[in-house]
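First comes the structure, then the notes that go with it.
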Amino acid sequence: MNWLIAICSGIGMLFGLHFVIIGIAGAMKKQRFVPTAEPQKKFAVIVAARNEESVIGELVTSLKNQNYPEKLYDIYVFPNNCSDDTAGAAERAGAKVLFPDGVIRSKGDVLHFAFESLLDAPEMYDAFVIFDADNIVDKDYLQIANDTLVSGAHAGQGYRDSKNPHDNWLTGGMSIFFWMMDSLYNRMRSRIGMAAAFNGTGVMLDREVIRAIGTKTYTMTEDLELCALCALHGYKIEWMEKAVTYDEQPLGFVDSFRQRRRWFAGSAQCFRRYAFRLFACAMQEKNSAAFDMGVIFCGTPVQLISLVPALATITGVISGLICGDIGFGWLAASLAALGIAAWCAASLFAWFVCRMEKKLSLGMAKGIALFPLFLVTWFAANISVFVAGIPKKWKEIQRGTKQNQTLEG
């Protein structure tokens, strides 16, 4: 049994070491400069929308106000499974509305219809950018996307910020997570020439990439699946740090838990579908992006493997209590000390991320102080996938700031 525990612990350490090494290497480099170019690339802006009447207008308005020539981009909203007037609100704000054909079960199905509809459109778009319906987009996003394409890139991910980080501890915790992804994941990889990762919104793909990787995705996390497909086909995802999208975080615990559970379920699907193909591609073609993405997908089984040492420790403690080798007083004191240390470490990490991203404020106090609890609930959401299985349906998430309520598909 000891050898099994040692192997499982070693796997977890190696998994973590991969990210630590990249982080240290990236911290020692400077960000690559991408020069400003004349506007020349034409974009199709794609927005999947399900019952988004209350927020879609705000997104479209932010897109209409881009510092980019109007003739070089079109805004398309794809209402699906709506019971409100999402389509009317989008049209009134100035977007073009297209209704997807067939059964739409996920955002990936909407993107499939959008790509198939627009790839060969008479407008001949150079690239596609994808946003969620509850977003607000910084006015310079399209110009920066243009600069990235002109510099030779084929895909890009923008900075994912938060609309409502101060609402409660859940929105604060989720905001810190995305800031961490921006800074410690995408920024560090970009600095050492590695590929960034798509993060759900603020995604850019040029026409060449879409034709190469195909328009269809099969998992619950189309963004991770698109990352895998880009890596397998040799397309590097560039980090567009100044192309900012403000995303809205769910307020309720049930919705936040359901969202994170869906993400992990999609990651599990991607592991089964792509992990071994990615590692094979990495070895055959010396593709660092494929290897990196394969490691990320391995986070799914690694979490399960990490339970082995934990369960062994718990079993040993219970056995010690029964045999009298461990006293209750000593155990309680040890658990309290360990818990306090772990809580402080996680909160300190959250504070560090906020400070690094210049997000420190009194409003973030709840998010920082309760970030350890946020992580515990995230781990529980992940483990629930192993217990209850992958969700069969894409369930609606109740969303909205304290001033604005909406639903996201």
Side-chain angles (χ1 to χ4, degrees), residues 1-24 173 177 180-181 184-185 188-189 194 197 199 218-221 223-225 227-228 231-232 256-283 287-320 331 334-335 338-339 341-343 345-346 349 371-391:
M1 178 59 73
N2 289 337
W3 63 267
L4 178 61
I5 296 172
I7 291 174
C8 291
S9 299
I11 291 173
M13 291 177 64
L14 286 174
F15 180 78
L17 187 62
H18 173 79
F19 297 94
V20 171
I21 291 173
I22 292 174
I24 293 173
F177 168 76
M180 178 191 70
M181 286 294 296
L184 300 180
Y185 187 96
M188 296 302 109
R189 278 163 172 73
M194 293 180 66
N199 209 359
Y218 300 89
T219 69
M220 302 186 76
T221 47
D223 53 344
L224 288 178
E225 189 168 356
C227 288
L232 288 170
S256 176
F257 189 90
R258 180 185 295 160
Q259 182 186 61
R260 289 176 281 163
R261 185 173 185 270
R262 185 182 69 211
W263 291 345
F264 189 75
S267 180
Q269 291 175 316
C270 285
F271 170 76
R272 292 202 298 257
R273 192 176 186 91
Y274 294 106
F276 296 105
R277 289 169 58 188
L278 287 164
F279 286 129
C281 177
M283 289 187 292
N287 186 330
S288 64
F291 178 81
D292 188 39
M293 208 65 221
V295 172
I296 292 168
F297 289 156
C298 284
T300 303
V302 166
Q303 287 201 35
L304 189 60
I305 291 169
S306 68
L307 290 176
V308 174
L311 292 174
T313 301
I314 293 171
T315 301
V317 169
I318 294 174
S319 177
L331 178 61
S334 299
L335 289 176
L338 182 62
W343 194 285
F349 174 76
F371 190 67
L373 179 60
F374 179 78
L375 293 179
V376 169
T377 62
W378 198 315
F379 183 73
N382 292 354
I383 295 302
S384 72
V385 174
F386 295 117
V387 177
I390 293 175

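Sequential numbering from 1 along the given sequence is applied to the chain's residues. All values derive from a computational prediction rather than experimental measurement.
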What distance separates [X] [atom1] from [Y] [atom2], expressed to the nearest 0.5 Å?
X: C281; Y: F276; atom1: SG; atom2: CZ; result: 15.0 Å
X: L224; Y: I296; atom1: CG; atom2: CD1; result: 8.0 Å
X: T219; Y: R272; atom1: OG1; atom2: CZ; result: 10.5 Å
X: I22; Y: M188; atom1: CD1; atom2: CE; result: 11.5 Å
X: C227; Y: F297; atom1: SG; atom2: CZ; result: 7.0 Å
X: E225; Y: M220; atom1: CD; atom2: CE; result: 12.5 Å

Report yes or no: does [X] contribute a side-chain atom to a donor-acceptor pair with the main-chain N or O of [Y] at less than 3.5 Å?
X: T315; Y: L311; value: yes
X: D292; Y: M194; value: no
X: T377; Y: F374; value: yes

What do the steps show when you test W3 against I7 for side-chain contact (heavy atoms from CB on, under 4.5 Å), and what is the final call?
CA-CA 6 Å; W3 63 267; I7 291 174; 3.4 Å; yes
Minimum-distance pair of heavy atoms, taken over all atoms of [X] and [Y]:
X: F371; Y: G173; answer: CE1-O, 3.6 Å
X: F279; Y: V295; answer: CZ-N, 3.6 Å
X: P309; Y: S306; answer: CD-O, 3.3 Å
X: T221; Y: C270; answer: OG1-SG, 3.9 Å
X: L184; Y: R189; answer: O-NH1, 4.3 Å
X: R261; Y: A381; answer: CG-O, 3.7 Å

Evaluation steps, side-chain contact (heavy atoms from CB on, under 4.5 Å), between L307 and I383:
CA-CA 10 Å; L307 290 176; I383 295 302; 3.8 Å; yes
Between F177 and W378, is the ring centroid distance below 6.0 Å?
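Yes; W378 has its ring centre under 6.0 Å from that of F177.
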Sub-4.5 Å side-chain heavy-atom contact between R273 and Y218:
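Side chain of R273 against side chain of Y218, heavy atoms only: contact under 4.5 Å found.
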Can you classify the ring geometry of H18 versus F291 as parallel (below 30°), tilted (30 to 60°) or perpendicular (above 60°)?
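Perpendicular.
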Under 6.0 Å from the six-membered ring centre of F264 and within 45° of its axis: does the NZ or CZ of R260 meet both?
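Not flagged: R260 not positioned over aromatic ring of F264.
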